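Bear in mind the structure is a predicted one, so any value in this text is a computation, not a measurement.
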Amino acid sequence: MTHTETHAKTRASKHRLLGAASKSAATALAAFTAWRKSVAGRRALADLTPDQLRDIGCSEAPRPTFFVRVGLITDLMSMR
């Protein structure tokens, strides 16, 4: 009896690969443009005076806050 093998043709569809690549490229481009807009907005707010910020409805420019819990300085001084 002869031995025969059958092979199924398995080729990736070019259309699927191009679709996935273009979708990921579009997602990356959208993320980049959103990041650029947020940076530009923060820079524009940083350049405004407090009076100008009040005029547009912002009480002050958003700045990072620093929270010190009660007793931290006392603990640090006692460790000295």
Worksheet entry | Residues that, via side-chain heavy atoms closer than 4.5 angstrom, fall in one hydrophobic cluster with Ile73 | Met77
Response to the item:
Sorted by chain and residue number, the side chain to side chain contact (heavy atoms under 4.5 Å, CB included) partners of Phe32 (sequence neighbours excluded) come out as Trp35, Arg36
Discussion item. Applying side chain to side chain contact (heavy atoms under 4.5 Å, CB included), can you list everything that pairs with Val68, at least two apart in sequence or on another chain?
Written reply: Phe66, Leu72
Discussion item. Go through it in stages, so that I can follow the logic: the residues are Arg69 and Asp75, the test is side-chain contact (heavy atoms from CB on, under 4.5 Å), and I'd like the CA-CA distance, side-chain angles, deciding distance and then a yes or no.
Written reply: CA-CA 11 Å; Arg69 66 178 178 83; Asp75 292 343; 3.4 Å; yes
Please enumerate all residues that pass salt bridge (Lys or Arg N to Asp or Glu O under 4.0 Å) together with [X], with sequence neighbours excluded.
X: Arg43; value: none
X: Asp55; value: none
X: Asp47; value: none

Discussion item. To the nearest 0.5 Å, what is the distance between CZ on Arg54 and CG on Leu48?
Written reply: 12.0 Å
